[in-house]
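Take a look at the structure set out below.
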Amino acid sequence: MSDFSEELIRSKTEDDQEESCVLSGTGMYFPWLQKHIDTVETGGKKEKDFAQTTSACLNRIQEALLKHQWPQAAGYMHSYFQILEDSDSHKRQAAPEISLQHALYLLHHGMLEDANRNLSRAETWRYGEKSSSQEVLINLIQAYKGLLQYYTWSKKKMELSNLDEDDYAYNTASQTMLNHSWKTSVNLGALIQTPGVWDPFVKSYVEMLEFYGDQDGAREVLTNYAYDEKFPSNPNAHVYLYNFLKREKAPREKLISVLKILYQIVPSHKLMLEFHRLLRKSEKKDHHKLGLEVLFGVLDFAGCTKNITAWKYLAKYLRQTLMGNHLPWVQEEWNSRKTWWPSFHFSSFWAKSDWKEDKALACEKALVAGILLGKGCRYFRYICKQDHQVLRKKIRRIRKSVKKHSIVNPGL
């Protein structure tokens with residue numbers, strides 16, 4: 001080994017008690033790269049020395065980058081590539097990964113031109129036979145180049161919106177956009193066909209397809225991303241497809257079918273209230289029943305307990321459901337919640353807290369509490385005892401509504 005390699009390994013040993021995966025102040029975390037180096041099979045002393053040297057050098061590059069120690073990072077980077085050039089080991093195949101890591105750091109800090117140069121270098125690195133993992137890595141590198149090209153395209157798109165179509169500058173900007181969109185589509189196309197979660201790449205690609213009128217192409221990309229079983233379950237894939245179909249003014253049934261899958265994955269998603277509205281407007285009885293289930297599902301989550309829109313919808317829909325003689329629907333949803341919703345939503349503590357912070361929310365919750373738990377509910381009783389000049393009539397209406405619709409005891 002060279003003196004440099006020995007020094008790296010020695011300094012690495014001294015730092016063994018430190019974590020090998022570094023978390024930066026900006027939240028960047030790179031465990032996968034070290035894992036790749038560590039898990040590569042080695043054979044013989046020379047291979048072991050190479051692994052130790054590259055691993056130590058890689059750690060030094062990471063540490064220097066994350067501490068903004070640019071001269072040290074540059075020095076270690078130069079040494080890293082020199083080691084790769086001088087060695088005859090097949091582990092040189094790991095070289096694109098460090099360039100990608102460096103490029104991601106540069107992207108994170110807005111150094112776009114430097115990032116593009118790094119990506120270009122990583123893209124053209126070749127050593128030995130290309131493995132399937134290397135193929136995915138190269139596709140990922142090309143996709144990040146595509147994102148940079150998309151960024152340029154997006155800026156030109158904004159410029160174009162401020163130009164007159166008869167202006168020479170308009171034609172120039174339009175041609176530049178077209179060139180960048182072609183490069184971007186080439187770079188992004190291969191990656192998004194590979195199973196994985198590629199949200200920013202898919203969104204960028206679809207935006208360009210839509211801009212140039214390729215609705216069929218955009219729909220195909222989004223449909224495959226959402227429904228192809230080879231891809232991991234991804235709520236955003238269904239959100240992107242839904243928003244696209246909504247822009248296309250797709251039939252309500254189609255929109256419902258997309259959001260139904262999203263509901264199964266993330267029942268507390270912000271689109272669930274929109275899903276409820278679509279179900280409520282449907283002519284199918286099973287959709288009306290699902291509409292009630294969706295509202296209860298949203299309010300099962302702690303992050304939604306203060307969502308006044310959800311409570312308004314539930315208060316209104318409970319009354320509609322009961323007036324439509326569908327008491328079993330309400331009982332079905334309530335039976336699985338009656339042991340924990342009272343303390344979760346309708347305790348004396350929450351009554352006082354809600355009334356103090358948001359009286360409108362407290363009134364909606366009081367109506368729901370009264371319908372589900374009856375006049376003895378602490379939350380309902382506390383709100384109804386409040387003497388508030390502006391809300392006095394509203395509280396009287398709540399009392400009457402609970403008297404009429406409560407599933408516990410119809411009389412007050």
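- Every residue two or more places apart in sequence or in another chain that forms a side chain to side chain contact (heavy atoms under 4.5 Å, CB included) with S347 is listed here: F349, W350.
- Within a 6.0 Å radius of NZ in K306, more than 12 heavy atoms belonging to other residues, nucleotides or ligands are found.
- Between H345 and W340, the ring centre distance reaches or exceeds 6.0 Å.
- Here the side chain of W198 pairs no donor or acceptor atom with the backbone of L188 at under 3.5 angstrom.
- Looking at N307, its side chain does come within 3.5 Å of a backbone N or O of A310 through a donor-acceptor pair.
- Legend: residues meeting ring-ring contact (aromatic ring centres under 6.0 Å, His included) with H276, ordered by chain and number and at least two apart, are Y313, Y317.
- By the salt bridge (charged side-chain N to carboxylate O under 4.0 Å, His left out) test, K359 is found to be paired with no residue, residues two or more places apart in sequence or in another chain being considered.
- With sequence neighbours left out, R219 forms a salt bridge (charged side-chain N to carboxylate O under 4.0 Å, His left out) with D216, E248.
- A search for salt bridge (charged side-chain N to carboxylate O under 4.0 Å, His left out) contacts involving K394 returns E364, not counting sequence neighbours.
- By the side chain to side chain donor-acceptor pair (under 3.5 Å) test, H287 pairs with S282, sequence neighbours left out.
- Remark: D228 engages K230 in a salt bridge (charged side-chain N to carboxylate O under 4.0 Å, His left out) (not counting sequence neighbours).
- With sequence neighbours excluded, the residues that form a ring-ring contact (aromatic ring centres under 6.0 Å, His included) with F231 are Y225.
- Salt bridge annotation for K246-E274: present, with a cationic side-chain nitrogen under 4.0 angstrom from a carboxylate oxygen.
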message: Show, in sequence, the C-alpha distance, side-chain angles and deciding distance for R337 and E333, and conclude whether the salt bridge (Lys or Arg N to Asp or Glu O under 4.0 Å) test is met.
response: CA-CA 7 Å; R337 295 173 171 87; E333 296 303 323; 3.0 Å; yes
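- A search for side chain to side chain contact (heavy atoms under 4.5 Å, CB included) contacts involving L327 returns L322, Q331, I407, not counting sequence neighbours.
- Taking the six-membered ring for Trp, W341 and F296 have ring centres closer than 6.0 Å.
- Identified under the salt bridge (Lys or Arg N to Asp or Glu O under 4.0 Å) test for residues 308-317, with sequence neighbours left out: none.
- Residues satisfying the side chain to side chain contact (heavy atoms under 4.5 Å, CB included) criterion with K260, sequence neighbours excluded, are Q264, F275, L290.
- Evaluation of the ring-ring contact (aromatic ring centres under 6.0 Å, His included) rule for H269 yields no partner, not counting sequence neighbours.
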